[in-house]
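Working notes for the structure below.
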Number of protein chains: 2
Amino acid sequence: MQLTREADYAVRCVLYLASAGGRPAAVGEIAEAQGMSAAFTAKILQKLVNAGIAASRRGVKGGFVLARPPAETTLLEVIEAVQGPLALNICVVDRKNCDRNSRCSVHPVWVEVQADMKKKLESYTFERLLNSSPR
Amino acid sequence: MQLTREADYAVRCVLYLASAGGRPAAVGEIAEAQGMSAAFTAKILQKLVNAGIAASRRGVKGGFVLARPPAETTLLEVIEAVQGPLALNICVVDRKNCDRNSRCSVHPVWVEVQADMKKKLESYTFERLLNSSPR
DNA sequence: TCGAAATAGGATAAAATTACTCCTAATTTA
DNA sequence: TAAATTAGGAGTAATTTTATCCTATTTCGA
Ligand code: SF4
Ligand code: SF4
């Protein structure tokens, strides 16, 4: 029931790229700024690129940028890009994962809780996060 | 970001005990009814007893009962009894777990999302679950 | 054109967590 | 006392998490 370190780092990556405002940032730069290992950060950035959240340019002046403006990327997207679709319980994403689902009175609760969570995470764009003063 | 199997089983245990209505149920009975292994179920029931959710009686006519009426036990309590306090991210339960928390704009989001989740899970008592028709 | 700087991707591995099992001791009832 | 039952500790296999490292590819600029 916990966010993976990978997902936390992914959020930090996107946050950094958003604050960089379009200037390509290299893995090393991002990793150092956010206190993460460079090799692991590289892997995460790859996933963000594959998910269409970031874009990369190889070579000398290369690095990573956001593929879309910060207002168009949500926390949910970033999390799902690295740790897959949200799944509070095995039965939520696919009912077939538990054959008790038809007579289970808790199943609908997980569905509801996850929907709430999803909605909230979708409501946080990186523009919004950037403008919120950390406290 | 997923409920452990243990927590899911724990909920099933409590659900079963609630439906048994005060009659002591042995591990084997609970496990069979809910499609869980007996040995693992025994471990989980022990945790529920330690958390004050269930009570046990050893010996021949022994077994497990709920320690309180179903209306007084919530989903949250059962989950926390087996997998510990809810913690959506390392920084939520204790800020010291991440030294970036003071300048992190995402930290408050996790706090908020977890609070929502907690509130919702607290709102589901086992009386409520028992009376809800599974669909 | 070559070399340096950078990402892409695959393989590998250590550590932690999850999901169990098994055994012995203690307790309770008939 | 024998049978039924929980209590608790120890142990274990599988899975997931959290990385690291290596090689290939791309790009820039001298
Ligand atoms: S028992 Fe109910 S809540 Fe648990 S996995 Fe099955 S359907 Fe979902
Ligand atoms: S970076 Fe922010 S969200 Fe992530 S653990 Fe630290 S304080 Fe929490």
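Within every chain, numbering begins at 1; the chains are lettered A, B, ... in the order of the sequence lines, protein sequences first and strands thereafter. What's counted below: heavy atoms across the whole structure, side chains too, no hydrogens, waters or symmetry copies.
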Heavy-atom closest contact (B:A10 atom, B:L48 atom, distance):
O-CD1, 4.1 Å

When rounded to whole Å, the CD1 to C1' distance for the pair B:I30 and D:dT5 reads 12 Å

Decide yes or no for B:Q2 and A:L88: does some side-chain heavy atom of the first lie under 4.5 Å from some side-chain heavy atom of the second?
no

Heavy-atom pair of closest approach, residues B:M1 and A:L86
CG-CD1, 4.3 Å

Is there side-chain contact between B:Q114 and B:K119, with heavy atoms separated by less than 4.5 Å?
no

Residues in residues 15-27 of chain B with a heavy atom under 4.0 Å of DNA chain C, by number, are none

So, do A:V65 and A:L17 sit near enough that their side-chain heavy atoms are less than 4.5 Å apart?
no

Round to a whole Å and report the spacing from CZ of B:R5 to P of D:dA14.
19 Å

Can you name the residues that form a side chain to side chain donor-acceptor pair (under 3.5 Å) with B:Y124, not counting sequence neighbours?
A:E112

Under 3.5 Å, is there a donor on one side chain and an acceptor on the other for B:T4 and B:Q83?
yes

Which residues in residues 74-94 of chain A have a heavy atom closer than 4.0 Å to any atom of DNA chain D?
none

What is the distance, rounded to the nearest whole Å, between atom CZ of A:F64 and atom P of D:dT26?
15 Å

Would you mind reporting whether A:F64 and A:R57 have side-chain heavy atoms less than 4.5 Å apart?
no

By nearest heavy atom, map A:Y9 and B:G28 onto DNA chain D; which one lands nearer the 5' end?
B:G28

Compare every heavy atom of B:L121 with every heavy atom of A:W110, then report the nearest pair and how far apart it is.
CZ3-CD2, 3.9 Å

Taking atom types as modelled, find out whether B:S123 and B:R128 have a side-chain donor-acceptor pair closer than 3.5 angstrom.
yes

Whole angstroms only, please: what is the CD-P distance between B:E29 and D:dT5?
10 Å

Between B:R100 and A:G35, which heavy-atom pair has the shortest distance, and what is it?
NH1-N, 4.0 Å

Applying side chain to side chain donor-acceptor pair (under 3.5 Å) to A:K47 and not counting sequence neighbours gives A:E6

With sugar-phosphate taken as primed atoms, P, OP1 and OP2 and all else as base, the protein-contact string of nucleotides 25-30 of chain C at under 4.0 Å (heavy atoms; B, S, -) is -BBBB-

Among residues 32-56 of chain A, which contact DNA chain D at a heavy-atom distance under 4.0 Å?
A:S37, A:A39, A:F40, A:K43

Sidechain N-carboxylate O distance under 4.0 Å for A:D116, A:K120
no

